[in-house]
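Take a look at the structure set out below.
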Amino acid sequence: MNKPSPSPSPSPSVSSLSSLSARRHVALWLVLLAAAGTFALTMGVRQTMGLFLSALNTSTALGIGSISLAFAFGQLWWGLTQPFAGAVADRIGTGRVIFLGVLLVATGTILTPLMTSTAGLIFAIGVLAAGGAGMAGPSVLMAATARLVPLEKRGFASGIVNAGGSFGQFAMAPIAIGLTAAVGWANAMQWLGVLVLLALPAVWVLQGNSKALAAQAAAASGKKALSARQAIRQALATPSYRYLSLGFFVCGFHVAFLATHLPGVVAACGLSPEIGGWALAMIGLFNIVGSLAMGWAVGRWRMKSLLALLYATRGIAVLVFLLAPKTPAVMLVFAAVMGVTFLSTVPPTAGLVAKMFGTANMAMLFGIVMLAHQIGGFFGAFLGGYVFQATGSYDWVWYIDIVLAAGAALVNLPIREARLPARASAAA
C-alpha cells in the first residue's frame with residue numbers, strides 16, 4: 001500500500017524572503033521609534049521652556065525683554081547648529097552627533113535655574129540647551145530616517161518623526177506643570193533635563209552616515225559625489241530652494257512666538273496660568289494629528305501646495321482669534337487649530353529638499369533651511385517680548401504674523417516640484 005506523500009515544505013527562497021521582510025519591518029519601526037522618541041524628548045523640553053519665563057523673571061528680576069532675548073538667541077542658535085551638525089552627521093555618523101546633542105540639552109536645562117544674569121541665561125538656554133537640541137534635531141533625525149527607510153515610506157516616516165516632537169510637547173507641558181506644583185519651578189526644570197537622557201539609546205539605532213550612499217550613487221551615475229561646498233552652492237543657486245527657505249523663515253516666526261509667549265498671551269487675556277500650560281499641550285496634541293496627516297498627504301499631493309495651504313490656514317486662524325472673545329474655550333480651540341499646522345510644515349519641507357537634491361547631503365541642506373526657520377524664530381521670540389514690554393499688548397505681533405503667513409503661502413506657489421518617475425521611484 002502506497003503511503004501518501006508528505007506535503008511539500010515551503011521553498012527556502014519563499015521562507016527566507018518572508019523572514020527578510022519581517023526583519024525589515026521590525027527595523028523600520030525601530031528606526032522610527034528611535035528618531036521620534038529623540039525628537040519627543042528634545043522638542044518637548046524646548047517647547048515647554050516658555051512655561052518658566054514668568055518664574056525666571058521673578059527670580060532674576062531681569063525683565064521680560066532680557067529673558068526673551070535669551071530665548072530668541074536659543075531659537076537662532078538652534079538653527080545655526082543644524083547645518084553644521086547635519087554636515088558632520090552626513091560624514092562621520094548620526095549616532096555620535098545625537099549623543100553629544102542629548103548631553104548638551106540635559107546640561108543646559110539643568111543649569112538654567114542657577115543662572116542670574118542675561119549672559120548666563122543666554123549660555124544655558126541659548127547655547128547649551130538650544131545647540132544640543134539642534135544637534136539632535138529635525139535635520140539630523142529626518143536625514144537619518146530618509147537614509148534608513150525605503151523611498152516610498154519617507155513621507156510616512158517623516159510624519160511619524162515629526163509627530164514624535166509634537167507628542168513630546170503634549171506630554172512635557174503637563175509634566176512640567178505637575179513637577180512645578182510638586183517641587184518648585186527650578187527643580188522641575190532640572191528634572192526635565194534629566195528626562196532628556198532617555199534619548200541616549202537611540203544613538204545605537206540611528207548610527208551610520210550618508211557617505212557610503214553618496215559613493216554608491218556616484219558610482220552608479222558615473223559622476224563624482226558632490227562635496228559639502230558644492231552641494232551648498234548648487235542648492236543656493238536653485239530658486240525653489242530659496243523660496244522654500246523664505247517660507248520656512250515665516251514658520252519659525254510663528255512657532256517661536258507661540259512656544260515662548262503663548263502663556264504670556266493667555267495671562268494678558270486675563271486667563272489662569274493653567275490655561276497657558278494646557279494651550280501648549282493642545283498645540284502638541286493636535287500637531288500629532290497634523291504631522292501624521294501631512295506624512296500621509298505628501299505622497300498624494302504636491303508638497304508646495306500643502307505648504308501654501310498650511311501657511312494660509314495659520315493667517316486665517318490668527319485673524320479669527322483676534323476678533324473672537326478671549327475665553328478659555330476660544331483659547332484652547334485656537335491652540336488646537338494652530339497645533340494642526342504647527343510643525344506640519346516639516347514633512348513637506350524635508351520631502352522637497354530630498355526630492356530636489358537626494359539624501360547624500362540632506363542633513364546639511366535641510367539644516368540650512370532650518371537655519372532660515374530659526375532666524376524667523378529669533379524675531380518671533382524677541383519681538384514678542386519687546387513689543388509687549390513697549391506697548392503692554394501682543395496685538396502688533398499678531399498683525400505681523402498675519403502678513404507673514406500670507407506672504408509664506410504665496411512664496412511657496414512658484415516652487416518647481418518635479419514628479420519622480422515611477423521607474424526611478426521603484427529603483428530607489
Side-chain angles (χ1 to χ4, degrees), residues 40-75 77-78 101-136 165 168-200 256 258-268 271-281 283-284 377 381-382 384-385 388-389:
L41 289 164
T42 59
M43 178 63 75
V45 170
R46 285 193 72 249
Q47 295 298 89
T48 54
M49 294 290 276
L51 292 172
F52 300 101
L53 193 150
S54 178
L56 282 168
N57 183 41
T58 302
S59 174
T60 62
L62 293 172
I64 295 294
S66 295
I67 298 173
S68 294
L69 179 61
F71 280 90
F73 186 85
Q75 295 290 337
W77 192 248
W78 188 68
V102 169
L103 290 183
L104 288 176
V105 174
T107 302
T109 307
I110 291 169
L111 289 179
T112 297
L114 306 178
M115 299 301 171
T116 58
S117 66
T118 302
L121 290 175
I122 289 174
F123 176 70
I125 297 173
V127 177
L128 294 180
M135 296 174 72
Q169 180 178 346
F170 169 70
M172 285 292 186
I175 289 173
I177 293 170
L179 284 172
T180 300
V183 298
W185 73 269
N187 289 328
M189 185 177 285
Q190 292 178 330
W191 272 112
L192 291 179
V194 173
L195 283 176
V196 175
L197 297 176
L198 293 175
L200 288 177
L258 285 174
T260 306
H261 295 288
L262 187 58
V265 171
V266 169
L271 303 175
S272 68
E274 287 77 14
I275 298 297
W278 283 109
L280 286 177
I283 288 177
F382 176 68
F388 182 79
Q389 190 165 286

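Computed from a prediction, not measured in an experiment: that's the story for all the values here.
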### Query
Please walk me through it: do Ile67 and Phe71 pass side chain to side chain contact (heavy atoms under 4.5 Å, CB included)?
CA-CA 7 Å; Ile67 298 173; Phe71 280 90; 3.6 Å; yes

### Task
Identify the two heavy atoms, one from Gly193 and one from Ala106, that lie closest to each other, and give their separation to 0.1 Å.
O-CB, 3.3 Å

## Note on the structure
Of Val127, Ile125, Leu121, the one forming a side-chain contact (heavy atoms from CB on, under 4.5 Å) with Phe123 is Val127

### Query
Is any side-chain heavy atom of Val105 less than 4.5 Å from a side-chain heavy atom of Val102?
no

### Message
Working to the nearest 0.5 angstrom, can you tell me the gap between Leu192 CG and Asn187 CG?
### Response
11.0 Å

### Side chain proximity check, Leu51 to Trp185, heavy atoms < 4.5 angstrom
no

#### Entry: Met172 and Val196, any side-chain heavy atoms less than 4.5 Å apart
no

## Note on the structure
In terms of heavy-atom contacts, Gly108 and Thr112 come closest through O-OG1, 2.7 Å

### Message
Minimum heavy-atom separation for Ala256 and Ala381, please, with both atom names.
### Response
CB-N, 4.1 Å

#### Entry: Exercise: identify the closest heavy-atom pair between Ala130 and Gly74
CB-O, 3.2 Å

### Query
Which value, rounded to the nearest 0.5 Å, describes the distance between Ser66 atom OG and Asn57 atom CG?
9.0 Å

### Task
Could you tell me the separation between the CG atom of Leu53 and the NE2 atom of His261, rounded to the nearest 0.5 Å?
7.0 Å

### Message
Please find the pair of heavy atoms, one from Ile177 and one from Trp278, that lie closest to each other, and give the distance.
### Response
CD1-N, 4.5 Å

### Inter-residue atom distance Leu179.CG - Thr48.OG1, 0.5 Å rounding
10.0 Å

### Query
So do the side chains of Thr180 and Phe52 get within less than 4.5 Å of each other, counting heavy atoms only?
yes

### Minimal non-hydrogen separation, Thr109 against Met189, with atom names
CG2-O, 3.2 Å

### Message
Using a 3.5 Å distance criterion without hydrogens, assess whether the side chain of Thr107 forms a donor-acceptor pair with backbone atoms of Leu103.
### Response
yes

